[in-house]
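Contents: one structure, followed by commentary.
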Amino acid sequence: MALRFYNTLTQSVEPFSSSDGKTVRMYTCGPTVYNYVHIGNLRTFAFQDILRRWLHRRGYQLNHVMNITDVEDKIIRNAAVENKSLDEYTAKYIDAFLEDTATLRLQRPERLVKATEHIPEMAAAIERLESSGYTYPSEGSVYFRIANFPGYGKLSHNDFSGIRAGARVDVDEYDKADARDFVLWKARKNGEPYWDTPLGPGRPGWHIECSVMAMEYLGETLDIHAGGVDLIFPHHENEIAQSEALTGKPFARFWLHSEHLNVEAQKMSKSAGNFFTLRDLLAQGHTPEAIRYLLISVPYRKKLNFTMDGLQAAGTSIERLRNFQLRLNTAKFPEGLNEKVEDRTRQAVERFEESLDDDLNTAEALAAMFEYLRDTNSAMDADEFRAGNVSAAKGLLAQFDEIMDVLRPSDAQSQLSEAEIETSIEARSAAKKARDFGRADEIRDQLLQKGIILEDTKDGVRWKRK
Ligand code: AMP
Ligand code: ZN
């Protein structure tokens, strides 16, 4: 079966192809840079990384835009407390976001765009909405009149037809019970940063930011729009209302939403105080690969319950994968090719691909790999796995890691290159041959200090990283 995704808009799983068959035009809502991101946020961004990699693997080019929300209530409040300009305040957290996502090996979107660099375009869009009768002013602010947009509610599947006309909400975040006309442009308040525009002095609301930047770089109808489930209402519902009121065209063909990362059944969030940043976990000695593995191991539409045990288990799973890779790279297998083993490898490739085609079922894809590891390790123990089977098995591992990207140890653990390690191993063998066992042990200990473990096997010396 072909590639398919669950579309929040239609509430069904639909076959996916991009509208031109070549490039996927995708917009994802990025971070609000008022603090370090936590691993709940990073779960959502990790899902988008898998989405990117799998689309690429299915032959698509990507044109992916992510916004950085760098003007917003919390940012303004915090910048004022620290007596900094918005730019000064957010620069630190933008850098931290880029660093954290790189540490987790999340591919960079083709474009990262800042809200504060698109204010004139936002004001122009609001003026166009004004002239087509979708807005009204109040005390210097401008609101979107949701009663004038009949499709309001189609993404969150709520019936808002009975709500009181004219009731307004000024904050950007609110829940369904509070569905009202929302703010497009916020009038200048004393002591707050503002921009002078034809709308008067003020700043944009959060929702207009995404509509304007998405359409500016990706056109009127996107292939995919994604974010966490908490964004379905009101943020994405409002994005649809604004964008479709402007163009009369569907804003996005596919809406993909990832579920939350929870701690003890509660959403991880800054406000609940139950959060870990990536930095917290790295400081505790966890590796970026284990954290990445944990975040991607649960299919994106299922809640992920974060525990330290789960993180340990992720590390153990990576060890198993690396041990298998080591065995493939270093063991001496009997000559020939075993067709049954080749079939088993092909079957694993198919199951891996089929799982990811199925709305990115990462848990199934991992299960396919671990069952293969179990069967193939047994085949190796029984000398059924032959030298001719190595190439396909390595191919499977490479395909797997092109998406999962967990095999390569992070820099801290991999200060020595393979060539350097091989040279040390040769020096140790030479020392042994010369019966200089003191020197041989010394070389082994030096390697161990750098995280390299040597194993003497009947086929010679094998090494692995700690
Ligand atoms: P924010 O910086 O709050 O705008 O959030 C950035 C992204 O992280 C959004 O797509 C949110 O939906 C997502 N997000 C926030 N909290 C969580 C969580 N606990 N689990 C998963 N995603 C989250
Ligand atoms: Zn957005």
Side-chain angles (χ1 to χ4, degrees), residues 8 26-51 64-75 78 90 93-94 96-98 100-101 104 106 109 112-115 118 122 155-156 171-173 175 182 184 204-218 222 224-243 251-252 255-278 291 294-296 298-306:
T8 308
M26 170 158 96
Y27 186 88
T28 56
C29 295
T32 306
V33 281
Y34 71 101
N35 207 328
Y36 296 106
V37 289
H38 57 65
I39 57 161
N41 302 128
L42 288 168
R43 184 210 183 179
T44 288
F45 300 128
F47 138 66
Q48 290 157 8
D49 179 68
I50 298 292
L51 173 61
H64 173 192
V65 176
M66 180 192 276
N67 69 304
I68 297 202
T69 300
D70 60 348
V71 51
E72 179 266 358
D73 299 344
K74 294 185 288 278
I75 297 175
N78 291 5
T90 57
Y93 296 112
I94 294 173
F97 172 71
L98 296 178
D100 289 349
T101 47
L104 282 185
L106 309 186
L112 280 165
V113 291
K114 287 194 205 168
H118 297 76
M122 293 177 208
L155 183 71
S156 54
V171 289
D172 288 324
E173 290 179 76
D175 57 33
F182 59 90
L184 294 165
W206 173 34
H207 316 296
I208 193 70
E209 165 191 327
C210 286
S211 287
V212 166
M213 294 195 287
M215 292 198 290
E216 167 147 347
Y217 296 107
L218 298 171
L222 322 174
I224 297 180
H225 195 316
V229 285
D230 54 316
L231 300 188
I232 298 174
F233 188 88
H235 185 52
H236 290 165
E237 196 71 68
N238 292 351
E239 280 190 41
I240 290 180
Q242 300 162 147
S243 308
F251 177 43
W255 286 88
L256 272 57
H257 290 104
S258 50
E259 255 299 346
H260 285 145
L261 179 146
N262 285 347
V263 189
E264 288 164 11
Q266 203 191 354
K267 176 190 169 191
M268 180 174 282
S269 71
K270 291 270 158 56
S271 50
N274 61 350
F275 65 94
F276 292 102
T277 63
L278 178 63
I291 300 164
L294 180 68
L295 296 182
I296 63 180
V298 175
Y300 77 95
R301 288 206 302 126
K302 289 215 165 87
K303 291 189 173 58
L304 192 167
N305 188 34
F306 176 80

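All residue numbers refer to positions in the sequence shown, counting from 1. All ligand and atom numbering here is 1-based and tracks the order in the structure.
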Mind listing the N or O contacts between ligand 1 and protein, cut-off under 3.5 Å?
residue: ligand 1; atom: 2 (O); partner: Thr32; partner atom: N; Å: 3.0
residue: ligand 1; atom: 4 (O); partner: Thr32; partner atom: OG1; Å: 3.2
residue: ligand 1; atom: 5 (O); partner: Asn41; partner atom: ND2; Å: 3.4
residue: ligand 1; atom: 8 (O); partner: Asn41; partner atom: ND2; Å: 3.1
residue: ligand 1; atom: 10 (O); partner: Gly228; partner atom: N; Å: 3.2
residue: ligand 1; atom: 12 (O); partner: Gly228; partner atom: N; Å: 3.3
residue: ligand 1; atom: 12 (O); partner: Asp230; partner atom: OD1; Å: 2.4
residue: ligand 1; atom: 12 (O); partner: Asp230; partner atom: OD2; Å: 3.3
residue: ligand 1; atom: 19 (N); partner: Leu261; partner atom: O; Å: 3.1
residue: ligand 1; atom: 19 (N); partner: Met268; partner atom: O; Å: 2.8
residue: ligand 1; atom: 20 (N); partner: Gly40; partner atom: O; Å: 3.4
residue: ligand 1; atom: 20 (N); partner: Leu261; partner atom: N; Å: 2.8
residue: ligand 1; atom: 22 (N); partner: Gly40; partner atom: O; Å: 3.0
residue: ligand 1; atom: 22 (N); partner: Thr44; partner atom: OG1; Å: 2.7

Problem set entry | Qualifying residues under side chain to side chain contact (heavy atoms under 4.5 Å, CB included), relative to Asn67, sequence neighbours excluded | Tyr27, Cys29, Thr69, Val113, Glu209, Cys210, Met213

Problem set entry | His38 side chain vs Gly40 backbone, donor-acceptor pair below 3.5 Å | yes

Seminar exercise, completed: The atom name of the N, O or S atom in Glu239 nearest to the Zn ion (ligand 2) is OE2

For this session: Examine distances only and state if a side-chain atom of Ser156 and a backbone atom of Phe233 form a donor-acceptor pair shorter than 3.5 Å.
Result: no

For this session: Assess His207: does it contribute an N, O or S atom lying under 2.8 Å from the Zn ion (ligand 2)?
Result: no

For this session: Output yes if Cys210 passes the N/O/S-under-2.8 Å test against the Zn ion (ligand 2); output no otherwise.
Result: yes

Problem set entry | Test: Lys270 cationic atom under 6.0 Å from Tyr34 six-membered ring centre, within 45° of axis | yes

Problem set entry | Asp49: partners by salt bridge (Lys or Arg N to Asp or Glu O under 4.0 Å), with sequence neighbours left out | Arg53, Arg292

For this session: Say whether His64 and Gln48, considering side chains only, have a donor N or O and an acceptor N or O under 3.5 Å apart.
Result: no

Seminar exercise, completed: Residue pairs passing the salt bridge (charged side-chain N to carboxylate O under 4.0 Å, His left out) test with at least one member in residues 255-268, sequence neighbours excluded, are Asp230-Lys267, Glu259-Lys303

